[in-house]
Amino acid sequence: MRHRSLAAAAASASASGSGTIRRNVALLLPLFYQRHHRRFSFTTVACCLHPPPFESTEDQASLQGHIARGELSRARHLFDEIPSPDVRAYNDLIRAYSSSLSTAIDGLYLYRLMLRHRVAPNNYTFPFALKACSALADLHCGRTIHRHTLHMGLHADLFISTALLDMYVKCSCFPDATHVFATMPTRDLVAWNAMLAGYAHHGMYHDALTHLVTMQAQARLRPNASTLVALLPLLAQQGVLAQGTSVHAYCIRACLHLKVTDRVLVGTALLDMYAKCGSLAYARRVFDAMPMRNEVTWSALIGGFVLCGRMTQAFSLFKDMLALGLCFLSPTSIASALRACAVLDDLRMGEQLHALLAKSCVHADLTAGNSLLSMYAKAGLIDQAIAFFDELAVKDNVSYSALLSGYVQNGRAEEAFLVFKKMQACNVEPDVATMVSLIPACSHLAALQHGRCSHGFVIIRGFASETSICNALLDMYAKCGRIDLSRQVFNMMPSRDIVSWNTMIAGYGLHGLGKEATALFLEMSNQGFAPDGVTFICLISACSHSGLVTEGKHWFHEMTHRYGLTPRMEHYICMVDLLSRGGFLNEAYEFIQSMPLRADVRVWAALLGACRVYKNIDLGKRVSRMIEELGPEGTGNFVLLSNIYSAAGRFDEAAEVRIIQKVKGFKKSPGCSWIEINGSLHAFVGGDQSHPQSPKIYQELDNILAGIKKLGYHPDTSFVLHDVEEEEKEKTLIYHSEKLAIAYGILSTSENKTIFVTKNLRVCGDCHTVIKHISLVRRRDIIVRDANRFHHFKNGQCSCGDFW
DNA sequence: ATAGGGTTAG
């Protein structure tokens, strides 16, 4: 009796208890019966040795219970205790795993385990296993499953076909997706939506629209939330506002009975579409009308404002979001806010965002991390950027590109090449954006060999037809002195944008080819390209460098009257530069007085520079007073003012300005010149003796100077004496950096070669005279690219006509 | 459904 009741208790415990209890009971019971030599009924034994079907149903129920509550690890624990799980148990767990990206890999693992344990998958298994493949973009596994389903004769299964379709779309195998769709005997809305997502994924706008029309006309299916969510990003990408608006109208007209979650999705997609089409007001209106929002909604709106350049408003939205607590904060919105900081040059806010990023535990997010890196670089804090880069646990090509670009933006172009090498050593592939950042490093250094290597690199990688790459290349060739190659790149470009035209015009300007610049501008107009503000900056400064004063004035007039553009400060700088270089100093002064904007330092500095060249001390003094009134903002102005005094022999006053400068804490960036010989760069500062061939270089330079003195050259004392302190630092201004670089160039290149030297500041007047002489006595063409333009010295003359 | 790095001007 006692035994029977014990057995019954055990049986009931095994039926109701957890897996562990049950299994222990199942193990113990036979022993118990054996030991007591008792007879037991057949049911009891069966219950103990082979868990009966009703037990499995129990397991199933508790497994599903765990899954429903999202307790995946408990579900897995239970699953592992089932001695031999059946296909339903596998299906339930695979299904749960496949619903999230982070567990998709476990889903596929379980699927493989199932095959290994010889549990046959059924038609419920495949769609979920395929979903895991989609999430992981595991094409290989997806194809294997596809074959498996064909073997089992499941071609006609709607769910499997739809899952296959989705898998091929996500794995970017568009032909396979089309094939699956075409061979489906029946298609439901989910299948049509999956196919639409495929078109959207590949940016196939027209095919997507045809598909949508066919879906409604032939299959008589009405778009649902998924349809709209697939369609809207495509419209956003195409920027087709009219179509977007009609989709919006459809949403309202069709009275879609959407679930709350679907309303968030559709609303977010709608507002994103409006923002990407430039309609921020509508985006905002959709946002305001939404009954519920999530973090994606917020970041879509903030990102939209950033995209349209409305940084201040983007920022205040971000603050509104924070005011609601941290519940909507996401790495995405932080990344957008950081971009706004970078543009607004708001470092303090950027630092606060850095703290927020660290605090909200999303610092591991690369997107936001890269934005932060870039923000520091743009704020000029390259060392901060480097430190942050080093701290990143995972770095991708965007991180490397941001750092590389940071070096270039901060004038450390040589180091950009080191980053480029390092990223390749770490097997991180440079992409288009990386190269668009690297090529300007060559432009900056005027390193033609490096530039050509980069050109080769982009050809090999297949980037050479990208507009942005070509723009960078044509700028690079122009700045490396090869305006001919620049034009070649320009002519061969598959498509040009406004930057291409502007860069080419600027290139001509740099080379003093004002006529060519004007011709190109006219060609641009004829081809129906609308010039922008930058175009006129390039064009007017091209006129300025070529002495085309009348033409420059004409284009300034055209800009406002014909093209309806409002001149910005930069345009006024160009105009003052144009007038004052041409010697119309008083006209320039009057022009500044008549400006509708308050002239800033740069405008006055353009006039001040000319006062120095034309030795107009009175005006120079008046201008420098104006600069004084504006406050100490620039560095170069004091140098200019001091130069005016010393050029006129008023050294006391020159020194006085220098003292003021020193007191106010201005630093002059040191003059530096460099030359590329056989693909490597050799840089010199004034009085430099660090070069290995230094003694030879000085000997060569002394020989040259002795030679040209015989031809009547006298050092221009106004340049030599203008700065006593600099003189001490640089030993003597006879050994200005550009002279050293040219002497080295003469020593290390063959006699018929053109010498090409780059200087970070402007070439001084004394050097200008000396270089003209060198070109004559050594019969060499010498090109000097300084901070302003190109100087081509040939047979004792300079292309700039001495108005540098 | 959102999202990071990049080209022209002195």
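The chains referred to below are lettered A, B, ... by the order of the sequence lines, with proteins before strands, and numbering in each begins at 1.
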Quiz item: With a 4.0 Å cut-off on heavy atoms, is A:S437 in touch with a base, just the backbone sugar-phosphate, or nothing at all?
Solution: sugar-phosphate

Quiz item: How is A:D497 classified with respect to the nucleic acid when contacts are heavy atoms under 4.0 Å: base, sugar-phosphate, or nothing?
Solution: nothing

Practice problem: Could you check whether A:T434 gets within reach of a base, just the sugar-phosphate, or nothing at all, counting any heavy atom under 4.0 Å? | Solution: base

Cut-off 3.5 Å, no hydrogens considered: what does the side-chain donor-acceptor table look like for residues 333-340 of chain A, sequence neighbours left out?
{"from": "A:S333", "atom 1": "OG", "to": "A:S330", "atom 2": "N", "distance (Å)": "3.3"}
{"from": "A:S333", "atom 1": "OG", "to": "A:S330", "atom 2": "O", "distance (Å)": "2.9"}
{"from": "A:S333", "atom 1": "OG", "to": "A:S330", "atom 2": "OG", "distance (Å)": "3.4"}
{"from": "A:S336", "atom 1": "OG", "to": "A:T332", "atom 2": "O", "distance (Å)": "3.4"}

Exercise. Classify the nucleic acid contact of A:T503 as base, sugar-phosphate or nothing, counting any heavy atom under 4.0 Å across all strands shown.
Key: sugar-phosphate

Quiz item: Can a salt bridge be assigned to the pair A:E523 and A:R487 using a cut-off of 4.0 Å between side-chain N and carboxylate O?
Solution: yes

Quiz item: Taking 5' to 3' order, which nucleotide of DNA chain B is first and which is last to have an atom within less than 4.0 Å of a heavy atom in chain A?
Solution: B:dA1 to B:dG10

Quiz item: Contact class for A:K479 (heavy atom, under 4.0 Å): base, sugar-phosphate, or nothing?
Solution: sugar-phosphate

Exercise. Check every strand shown and say whether A:V534 touches a base, only sugar-phosphate, or nothing at a heavy-atom separation below 4.0 Å.
Key: base

Quiz item: Contact class for A:N294 (heavy atom, under 4.0 Å): base, sugar-phosphate, or nothing?
Solution: base

Quiz item: Under the salt bridge (charged side-chain N to carboxylate O under 4.0 Å, His left out) test, which residues partner A:R263, sequence neighbours left out?
Solution: none

Quiz item: When we call it a touch if two heavy atoms are under 4.0 Å apart, what does A:L265 touch: a base, just sugar-phosphate, or nothing?
Solution: base

Quiz item: Which part of the nucleic acid, if any, lies within contact of A:A472, taking any heavy atom under 4.0 Å across all strands shown: a base, the sugar-phosphate backbone alone, or nothing?
Solution: nothing

Practice problem: Can you sort out the partners of A:V436 under side chain to side chain contact (heavy atoms under 4.5 Å, CB included), two or more places apart, ordered by chain and number? | Solution: A:V432, A:S468, A:I469

Quiz item: So what does A:E466 hit on the nucleic acid, given a heavy-atom distance under 4.0 Å: a base, only sugar-phosphate, or nothing?
Solution: nothing

Exercise. Using the salt bridge (charged side-chain N to carboxylate O under 4.0 Å, His left out) rule, collect all pairs that involve residues 468-482 of chain A, keeping only residues at least two apart or in two chains.
Key: A:D475-A:K479, A:R482-A:D484

Exercise. Please list, chain by chain and in numerical order, all residues satisfying side chain to side chain contact (heavy atoms under 4.5 Å, CB included) with A:R285, sequence neighbours excluded.
Key: A:Y282

